[in-house]
Amino acid sequence: MLRQACSAKHSTRKIKLNKVKAEVDTGGGFILDEEDCVNVIPTKIVEKPTPSLYVDEIDRLHCDECSQEFVESYLHSNFNAFVCDNCRDNKEKHKLISKTEAKTKFLLKDCDFDIREPALKYLVRKNPHYQFGEMKLYLESQINKRTLEVWGSEENLENEHERRAEEQEKRKNKRYQKKMKELRMNVRSSLYKHNLEGHQHNYGPESYDSDADEYTKECLSCGQKLNYEKM
Ligand SMILES: [Zn+2]
Ligand SMILES: [Zn+2]
């Protein structure tokens, strides 16, 4: 129990020195006891690391913005971006964009986020527009870069946007035309029915079929045929 508490304390205290710690633990072949944990680790490794070891073992990060070295930062730990906390600009340069917005704005597909190398990192946040939903937030600058990889150029993306808008317009038009046609058909058939009700047939000239000895006349409006004999 004591050992656990001790090592937990130990590990939170020196996250960045994992590699150094591992070497001390295993390479030396001894297991830390409580005393070691309190005394040896903080004094010998954390506070006075062997300079050469310390420098070699830690991945040194350089900020893309200010070129300063930094150990860890918000943008690096969350997005693998080489930007120190001092240079972080969450309003403009390093602002976040939701996946949904990135999809509609830049016409990206799921595979463009997750399958293409490198897979883009994201944060998960509660969706403010939907009580039970979550949303994935990406670094917009990384999305922009990915967009160019997918579409080749901004112009291509623009063209695709236009093409899709036109297609949508066409579909809308088609739907409208279809509706109008249906409407016309309905009106026509109801007019037709209406005409037949109480319709006074308007017969054309009568014709005589001598074989059947039968007379026929046809309504000029509805086409109804009337056969009759004459005595
Ligand atoms: Zn910086
Ligand atoms: Zn008729």
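Numbering of ligands and ligand atoms starts at 1, following listing order.
In this structure the side chain of R184 reaches within 4.5 angstrom of the side chain of M180, judged on heavy atoms.
Heavy-atom minimum distance, K99 versus D110: NZ-OD1, 3.1 Å.
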With a 3.5 Å cut-off and sequence neighbours excluded, list the donor-acceptor pairs that the side chains of residues 223-231 form with protein atoms.
unit_1	atom_1	unit_2	atom_2	d
Q224	OE1	Y203	OH	2.8
N227	OD1	T216	OG1	3.2
Y228	OH	E206	OE1	2.2
K230	NZ	E206	OE2	2.8

Table please: side-chain donor-acceptor pairs of residues 81-91 below 3.5 Å, with sequence neighbours left out.
unit_1	atom_1	unit_2	atom_2	d
D85	OD1	Y74	N	2.8
D89	OD1	K91	N	3.3
D89	OD1	E92	N	3.2
D89	OD2	K93	N	3.2

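For E167 and K170, the salt-bridge test fails: no basic side-chain N is under 4.0 Å from an acidic carboxylate O.
The hydrophobic side chain of L148 is isolated, with no ILVMFWY side chain under 4.5 Å apart from it.
For the Zn ion (ligand 1), protein N/O/S neighbours under 2.8 Å (waters excluded) are C63 SG, C66 SG, C84 SG, C87 SG.
Distances from the Zn ion (ligand 2) to the N/O/S atoms of H201 are shortest for ND1.
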